[in-house]
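FYI, side chains are in, hydrogens and waters are out, and symmetry mates aren't considered; it's all heavy atoms of this structure. Throughout, a chain's letter reflects where its sequence line sits, starting with A, and its residues are numbered from 1.
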Amino acid sequence: MGYFLLRRLWQSLITLFGVMTLIFFIQRLTGDPTYLLVPETATQQDIETLRHALGLDRPLVVQYLDFLWQMVRFDLGTSYVQNVPVSTIILSRLPYTLQLAGGALLVAVALGLPLGLLLAIGNRSRLTSPLMGVVLAAQSLPTFWSGILMIMFFGVFLGWLPPSGTGSWLNLIMPSIALGLLSMATFARIMRSSVIDEMSKDYIRSARARGVGTKRLVVRHLLRNSAIPVISITAIEISQLLAGAVIVETVFAWPGLGLLTVQSVVARDFVIVQGVVMLGAVVTIAMNFLADLLYSLVDPRIRLDGATR
Amino acid sequence: MSIRTTVAIAAVAAALSAGIAQAKDQLVVDLVNEPSTLDPHMQWNPDSYYVYRNIFDNIVTRDNGGEIAPQVATEWNWLSDTELELTIRDGITFHDGEALTADDVVYSVKRITDPELASPQLGQFAAIIDARKTADNKVVLTTDGPYPVLLAQLVKLSVVPEHVLATVSEQDFNANPIGSGPYKFETWDRGVSVTLDKNDDYWGDQGEFETVEFMAVPDASTRVANLRAGTADLIVSIDSDQAMQLESAANVKVLTAPTERVAFMGMNTLVPPLDDPELRRAAAMAVDREGIALGLLGGGEQVVGQMATSAHFGYVDGIDPIPYDPEQAAEIVAAKGDAAAVPMTFATSPVFDQRIVQAIQQMLNEAGFNVDIGLTDMATYLKKAQNADPEQRPQLNFGRWSCACQDVDGVAFPLLHSSSNWSRVNDPELDALLENARTTVDSDQRLEDYARVAEIVRDNTYILPLYQATALYGAADALEWQPTANESMFLNRMSWSQ
């Protein structure tokens, strides 16, 4: 176990280093932020002055080493555009992203898991195809479109919900649904195939032979054993939700990290993009690690060192 | 319906209508993004200055008619061609209660022109080489040469408190700005909104709204929905389609203003094929500008024949646009044969309306040119357009230009003077006129120079002016506000109709 943890930690560090290097150089292959910071009428000298002040006139290797040194000290730097520490900006936006991801996950799990179970238990019934159709449609709708439709219907036409922004839990409903629908379908499909898979196993048959009722069978056996793929998909879906949040946050003016990333990419505010991507990488790596850990708790047959008894 | 029910409904209706008739205490404005900064010397983008211009007073301002009007300076007086004396208004106080003095004005000028601060606005004030206090209420600004645009630039120079900036860091000042304007900074909820409170001690016209909230709403459809749902009272940056949508909706209206922003097609006159004046003229004839303004945009844009609008000093009457004549354009191009077939890249960025760029590309190709669109992100576009070697700058580009100074110098000099990093024109006569107009204090002489500039530019087709852009805003029906050519948003010039 200790060896496994160390190895995973080492792998994580290598991954982080790779992500850091990639994000640093890829960003610098694109435009120079200085041009976006000055008015169009600025002279070449103004541009040079600002570039020097931002340290962008130094050799790329020097900038890279400086960036690595900052990262080692957990210093995310200062935004070019806002002149505010990136950590302050990210910390102010993080709670919004967590709220939205939480809301979306709730929608996805609360709708997806029962739906998946229903589809599995009622397999080959008349309802299966239409329900699967609904699930697929929900997953296929472009978020910006379903988002705008919801805003126009519930926000403008009915006036039930605030069309955008933050401030109350009511603001969270539409963006959570818009984002959660994407993952809901994934949960439903995984749950369905997992349950179908479990139902064909011997222990279920023998439990049925012993006269165990359907309700007890589902709650005591099926759900627990079908949960493993769902747990692993949850970890991946959380990362997906953070990525999908970019569009949902833009449509609903939800000030999370997704929107911050879009705005920073457009403004070529490299430092913020670096900070957000690093945070994303850390979260993704941590989620995968957590999924591994949870596997072993749910199913003791799986050991963290990968050996199966 | 019982009498009691009827009475109750009537009472509720009366209460509601009374509520509607009451003046509003809070105004909600939807911007595209949050301000980049509230330090008025640091960032120059619309979302920032919509907000900070209400927190700070500028040295001078423009009235709704576009005339330069007193603000912190009550009077101005040219002592010589290079010295401008300002008289500072008595009785202005900053939001912390301290008086605004001539020292603050001197400090503000020196701060924004200090290369150490690396203000993105430095270029606008670089001509100022000194500021000094000559009496308790007098400040003299010295320029490195005669600079007639100085007053127009001072419209954008905000006065900041020296006593505050002496004690807090720039970051802290940005987080808690203290100005002397009609609205006080209250809170900045990062990424969400900035809230301002009315300054009850303001020396000038007081605002009508107790608080104003500027929200960051990046998606235009969402801004429109917010306005229609009543969660926003004023929204910026909508296009003509969204304006049409609002015109047919209840309780909202569209406000428009012709701006000082000129849209143009830039041409590289230094490299083939557009180094040939006849081909440039053919390119101009091939572009249906009326069609673009009316058919594609439809927001009230006006075709222009010069790189200026009637809102600019230096605008010349009687410069007609080159007429649209696709047949003649095609004939000229055909006659040039291979010379006209040289491939050209039309540089553009997603920031601009791609419908226009695509329409122009198609019109040029129909006339026989060989044009491809080169779409890159804005930063790359800007870098290409300002390449150190003018011959490497794009052969064609689309741009929309405003200097926010309402003076032709701010448009014509950067785009047409051979020394500028945007220009792809090299004409000594034009250079001399632009330089003279930039360094002559005599207004009549300047007007004469710009009249000649407009003629030279049209006769040689150095650039193709397209149209005067219109700013479109959505507003609640009850909001009274007249948008202006310089796209400012002064909250103390807004009111709520009863």
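- Nearest heavy-atom pair across Ala53(A) and Ala118(B) is CB-CB, 3.6 Å.
- Among Leu259(A), Thr88(A), Asn83(A), the residue making the largest number of heavy-atom pairs under 4.5 Å with chain B is Asn83(A).
- Taking chain B as the reference chain and counting heavy-atom pairs below 4.5 Å, the highest number among Val81(A), Ile89(A), Ile151(A) is found for Val81(A).
- Looking at Ser402(B), the atoms closer than 4.5 Å to chain A (heavy atoms on both sides) all sit in the backbone: N, CA, C or O.
- The candidate with the highest count of non-hydrogen atom pairs below 4.5 Å against chain A, out of Arg190(B), Gln124(B), Met378(B), is Arg190(B).
- How far CG of Leu117(B) is from OG1 of Thr49(A): 11.5 Å, rounded to the nearest 0.5 Å.
- Counted by atom type alone, Gln263(A) and Asn33(B) present one or more donor-acceptor pairs between their side chains at under 3.5 Å.
- For chain B, the nearby part of Ile148(A) is the side chain; its heavy atoms alone come within less than 4.5 Å.
- Contact annotation for Asp39(B): neither backbone nor side-chain heavy atoms come within less than 4.5 Å of a heavy atom of chain A.
- Nearest heavy atom pair, residue Gly191(B) against residue Arg93(A), reads CA-NH2, 3.2 Å.
- For Thr78(A), the part lying near chain B is the side chain, with the backbone staying farther off; criterion is any non-hydrogen pair under 4.5 Å.
- Put simply, of Gly155(A), Ser92(A), Ser164(A), the one with the most heavy-atom pairs under 4.5 Å next to chain B is Ser164(A).
- Proximity of a side-chain donor or acceptor of Asn174(B) to a complementary backbone N or O of Gln82(A) within less than 3.5 Å is detected.
- Interface residue Pro120(B): backbone and side-chain heavy atoms are both found under 4.5 Å from chain A.
- By number of non-hydrogen pairs under 4.5 angstrom with chain A, the leading residue of Asp377(B), Asp189(B), Leu415(B), Thr231(B) is Asp377(B).
- Neither the backbone nor the side chain of Leu54(A) comes within less than 4.5 Å of any heavy atom of chain B.
- Between chain A and the options Thr37(B), Asp219(B), Thr222(B), the largest number of non-hydrogen pairs under 4.5 Å is found for Thr222(B).
- Only the backbone of Ala216(B) comes within less than 4.5 Å of a heavy atom of chain A; no side-chain atom from C-beta onward does.
- Only the side chain of Tyr96(A) comes within less than 4.5 Å of a heavy atom in chain B; its backbone stays farther off.
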